[in-house]
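Report on the following structure.
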There are 2 protein chains.
Amino acid sequence: MNRSNADEPDRSITRGSDFLQLDPADAPPGGLADWLARRLREAIGDGRLPVGARLPATRLLAAELRVSRGVVTEAYQRLVDDGHIAGRGRAGTVVVAAPLTAPPAAAPPGTRHDDAPPRDPFPADPGADVFDVLRAAPARIDLSPGVPDLSAFPRAAWQRAERAVLRDLPAPALGYGDPRGALPLRTAAAAWLARNRGVRADPAEIVIVAGTAQALGLIARVLARDGIGAVAVEDPGSLGVRQHLRHWGLATPPVPVDAAGVRVDRLHGTGAPAVLLTPAHQFPTGAVLTGPRRRELMRWAAAGGLVIEDDYDAEHRYDRPPAPALRSLLTDRTFHTGSVSKLLAPALRTGWLLPPPAHLDAIVAEKRLADLGNAALPQLVLAELMDSGEMERGLRQLRRRHRRRRDTMIAAIDAHLPGAAVHGTAAGLHLTVTFDAAFRDTDLAAAALHHGVKTQPLSWHAQRPTRPGLVLGYAAVPASDITEGVTAIGRALHHLT
Amino acid sequence: MNRSNADEPDRSITRGSDFLQLDPADAPPGGLADWLARRLREAIGDGRLPVGARLPATRLLAAELRVSRGVVTEAYQRLVDDGHIAGRGRAGTVVVAAPLTAPPAAAPPGTRHDDAPPRDPFPADPGADVFDVLRAAPARIDLSPGVPDLSAFPRAAWQRAERAVLRDLPAPALGYGDPRGALPLRTAAAAWLARNRGVRADPAEIVIVAGTAQALGLIARVLARDGIGAVAVEDPGSLGVRQHLRHWGLATPPVPVDAAGVRVDRLHGTGAPAVLLTPAHQFPTGAVLTGPRRRELMRWAAAGGLVIEDDYDAEHRYDRPPAPALRSLLTDRTFHTGSVSKLLAPALRTGWLLPPPAHLDAIVAEKRLADLGNAALPQLVLAELMDSGEMERGLRQLRRRHRRRRDTMIAAIDAHLPGAAVHGTAAGLHLTVTFDAAFRDTDLAAAALHHGVKTQPLSWHAQRPTRPGLVLGYAAVPASDITEGVTAIGRALHHLT
């Protein structure tokens with residue numbers, strides 16, 4: 001064997017530390033402790049070692065630098081004398097003060113700061129970051145839709161399941177994996193969909209995704225690569241969904257929604273070869289797609305139409321029979337997507353996507369190139385929670401709690417929002433109120449926020465003019481806050497009209 | 001208040017269960033138990049209730065269906081009599097056998113099965129799924145590059161950190177969050193980059209991503225939207241990286257690499273306004289970008305060039321001084337990306353991206369539309385591991401172990417691969433061997449796999465003709481397997497040449 005040394009540095013003794021990129025070869029002869037103290041002082045001064053940062057143990061740093069331990073001890077001692085660092089017993093040596101001469105930790109131009117002044121949360125024409133801006137706005141009570149009761153998250157069960165997963169996991173499962181996701185979660189999702197959504201699916205045709213947001217991106221890119229330029233959407237319909245589709249270059253012609261769901265007869269007029277629907281619980285009106293409309297849709301799909309089924313909160317229903325997923329009727333023409341955002345927590349960023357069989361390979365390719373597949377551990381923990389029945393138990397409890405909160409909100413609206421019409425109360429995590437009056441609902445939402453209550457204006461979710469209204473989430477908020485929040489909205493409304 | 005009932009179904013008593021979408025309104029009068037037993041039998045027959053599935057407790061299902069408990073008990077008893085289900089004490093009632101008449105669980109056409117016959121892992125022109133195919137190929141010893149010692153994953157520390165996170169987490173943190181990621185992890189990553197990579201960064205300008213794969217996609221889309229059509233890449237250089245860039249419509253003109261890193265003088269000739277580099281440890285040759293080349297690159301960037309710095313395994317170095325990140329010199333022109341894939345485990349799918357300040361907002365917008373931000377819990381656990389010093393401790397242990405494995409591999413190559421030149425041994429998780437002979441390295445890799453050893457052919461990673469070679473990972477494999485694996489490669493080579 002001839003060892004090629006062309007790519008090796010040509011020092012016989014190499015040394016240095018990743019810590020601050022220290023290389024004692026840079027030190028003047030005989031001045032190692034001086035040099036090290038100076039480098040540390042610079043790092044504290046320019047913020048690379050902020051207050052609270054822990055320094056390496058003297059023994060370790062000396063070994064890495066291949067200098068005597070005394071050099072490091074002496075350098076540390078000088079900074080202790082300066083008052084920059086201090087020994088903290090078992091916690092080691094930590095930075096306690098930055099030099100007065102340190103420049104303020106200014107961010108480069110163009111960066112946004114966590115302490116930047118809040119922006120107008122209710123612009124007339126909401127931009128892509130509108131939900132981030134609204135989330136960052138301070139409010140006493142948050143009635144934004146789309147979030148379940150997060151205090152019910154099964155922390156103990158999650159931890160138990162993770163302990164079991166970590167105990168049994170073979171090491172190679174921590175490497176790169178199948179871009180479709182971990183087989184145990186695909187299997188658990190298949191069982192969930194069969195039991196709860198009437199959908200029969202093979203785990204091989206399920207792709208685990210980072211929530212519905214990612215599913216929409218994968219679908220949009222596959223459709224766009226297939227030459228599709230437009231996906232019809234319900235109107236009113238989710239602003240966020242529309243933003244996602246448009247980002248990928250798709251037009252989103254609106255199709256009206258009535259009490260029976262989307263007007264399939266008006267779908268033909270859009271010319272769009274695909275439509276995105278929320279058939280189990282239309283967002284934001286709450287309508288359920290009726291049997292006759294489903295049959296109409298099947299005829300449209302049989303003539304070549306594609307359906308994207310956003311099954312976002314279908315498992316939450318209170319006083320109506322379940323509406324089976326469209327996917328169960330239209331397997332070959334439906335991209336079905338759901339997630340645990342409304343079942344457990346949005347912060348898990350985990351969902352599933354069932355593409356039509358003809359699009360499966362293209363979707364898997366997009367998922368691979370998006371991120372090589374979801375992270376393994378949370379998938380395996382989730383599979384445990386689904387297999388053990390923990391998730392169904394939790395869902396039953398959530399439903400009871402959500403139903404009580406819904407009833408509280410309806411009663412509060414009855415008492416404090418005279419003239420408001422309430423829509424979509426039979427299921428879901430939110431309801432919609434509309435007003436038979438002439439004002440901008442963005443003004444009402446702004447006034448409510450001024451009174452400490454966060455809501456979403458209905459007009460955000462409508463492409464064509466609509467009555468003013470608000471979309472109000474009740475699932476994540478205790479009853480007393482619901483009553484107080486609706487009361488405050490009533491005050492805001494009173495001032496406005 | 002007038003309750004709008006337009007969107008509510010018009011039954012005063014509603015009933016039904018999500019379980020199998022059962023609705024007793026479908027039952028013939030007086031035949032509820034019959035109907036329920038039939039529906040259950042169908043679900044077992046068509047696979048929606050597979051063997052092992054648990055049925056709801058009779059009390060619960062009766063309540064959901066608003067039928068008497070006796071109806072459910074009777075239906076279950078008929079299936080017990082059939083032999084389809086059985087009571088299992090505390091485990092409830094479970095499906096124990098499917099009817100003989102059940103159709104086989106065939107997948108729709110076009111879907112791939114986990115038990116599909118293996119494909120040729122070493123095609124001449126590797127496709128987008130080439131790494132998936134190779135990963136799925138069975139082998140006794142896996143010398144694929146890019147994976148650290150996964151058996152060292154700190155399972156106990158991870159669990160402790162997660163317990164602490166779940167104990168202290170406020171419920172709203174389980175909702176939707178900042179698309180840049182959780183502030184504690186951005187802060188921990190900033191400290192890590194300052195300490196270990198010489199990079200000073202504000203947490204506000206760091207975006208947590210789902211690994212380098214996602215970072216490349218975000219960068220590629222931002223560049224493409226800016227009208228950039230090509231990103232020059234090192235040659236040889238990572239096939240995976242090239243696949244990502246090309247997927248987003250970018251050309252990848254090759255720039256040669258020599259012992260001093262990329263040939264910056266040849267960069268101008270490509271006409272590309274951006275270049276992707278692995279300066280700390282070039283993949284796959286292992287060259288470190290030298291000082292003179294760095295200065296040359298700074299001049300190129302000052303004239304308008306953009307650098308994508310893939311800092312993929314920079315923390316793993318054995319016998320050379322650390323190479324600070326380019327980002328520390330070229331903040332305004334460098335997209336810097338790194339991940340914990342090589343520090344802890346690829347399956348965590350977590351990394352960071354520091355865009356140039358002028359591109360930060362565009363990158364955040366792309367991340368938002370990609371998936372609304374990484375999942376919260378793993379980010380917070382990781383921040384704990386980084387803040388507590390656990391990750392640095394783990395890295396020191398990993399380094400010692402990896403170095404021993406590297407030495408084992410070098411010795412084995414010395415003994416069993418006569419004539420092989422070894423490159424890039426001073427750092428990283430892999431080395432590269434080249435042969436001064438005329439054969440296809442895909443044939444060598446195929447022959448090695450036939451002998452039970454998985455490797456990557458060097459030619460996969462080269463755009464221009466190159467000597468035959470193999471890229472061999474040593475970090476994830478015990479010493480005895482390394483020796484056995486290299487011995488088997490030697491046998492394969494012997495048969496080939």
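Note on naming: letters A, B, ... go to the chains in the order of the sequence lines (proteins, then strands), and numbering restarts at 1 for each one. These values consider heavy atoms only, across backbone and side chains, with no hydrogens, waters or symmetry-generated copies.
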Smallest separation among heavy atoms of B/Y176 and A/G146, with atom names: CE1-O, 3.9 Å
Is chain A contacted by the side chain of B/A43, its backbone, both, or neither, given a heavy-atom distance below 4.5 Å? neither
Report the distance from atom CG of A/L369 to atom CD of B/Q243, rounding to the nearest 0.5 Å. 7.0 Å
Counting only heavy atoms closer than 4.5 Å, note whether B/P356 contacts chain A via side chain, backbone, both or neither. neither
If we ignore hydrogens and angles and just use 3.5 Å, is the side chain of B/R54 paired with the main-chain N or O of A/G389 as donor and acceptor? no
So which part of B/R396 gets closer than 4.5 Å to some heavy atom of chain A, the side chain, the backbone, both or neither? side chain
Treating A/R135 as the side-chain partner and B/G177 as the backbone partner, does any N or O pair qualify as donor plus acceptor under 3.5 Å? yes
Selection from A/Q214, A/Q282, A/E315, A/R163 maximising heavy-atom pairs under 4.5 Å formed with chain B: A/R163
A/L174 versus B/P346, closest heavy-atom pair with distance: O-CD, 3.2 Å
B/S388: which residues meet the side chain to side chain contact (heavy atoms under 4.5 Å, CB included) condition with it, sequence neighbours left out? B/E390
Which answer fits B/P378, side chain, backbone, both or neither, if we ask what part of it has an atom under 4.5 Å from a heavy atom of chain A? side chain
Below 4.5 Å from any heavy atom of chain A, which atoms of B/L166 appear? Answer side chain, backbone, both or neither. both
Comparing A/H247, A/R48, A/E162 against chain B, the one with the most heavy-atom pairs below 4.5 Å turns out to be A/H247
Walk me through it: do A/F131 and B/L372 pass the test side chain to side chain contact (heavy atoms under 4.5 Å, CB included)? CA-CA 10 Å; A/F131 296 110; B/L372 305 182; over 6 Å; no
Close side-chain approach of B/E392 to A/F19, heavy-atom, < 4.5 Å: no
Are the side chain of A/R155 and the backbone of B/L169 linked by a donor-acceptor contact shorter than 3.5 Å? yes
Output the option from B/H244, B/H359, B/R167, B/Q379 having the highest count of non-hydrogen pairs under 4.5 Å with chain A. B/H244
A/D142: which residues meet the side chain to side chain contact (heavy atoms under 4.5 Å, CB included) condition with it, sequence neighbours left out? A/S144, A/K454
B/A194 and A/L20: which non-hydrogen atoms are nearest, and at how many Å? O-CD2, 3.9 Å
So for B/D149, is it side chain, backbone, both, or neither that comes closer than 4.5 Å to the heavy atoms of chain A? neither
Quick check: closest heavy atoms across A/A347 and B/A173, and the distance to 0.1 Å? CB-O, 3.6 Å
Most contact-rich option vs chain B, by heavy-atom pairs under 4.5 angstrom, among A/G175, A/A213, A/G198, A/G217, is A/G175
Which atoms of B/R195 approach chain A - backbone, side chain, both or neither, heavy atom under 4.5 Å: both
Sidechain N-carboxylate O distance under 4.0 Å for B/D132, A/R368: yes
Looking at A/D18 and B/R317, what are the two nearest heavy atoms and their distance? OD1-NE, 2.6 Å
Heaviest contributor of heavy-atom pairs below 4.5 Å to chain A, chosen from B/A171, B/A53, B/A345, B/A210, is B/A171
Check each atom of B/P148 against the heavy atoms of chain A and say whether the ones under 4.5 Å are side chain, backbone, both or neither. neither
Residue part contacting chain A, namely of B/A128, when any heavy atom lies under 4.5 Å: both
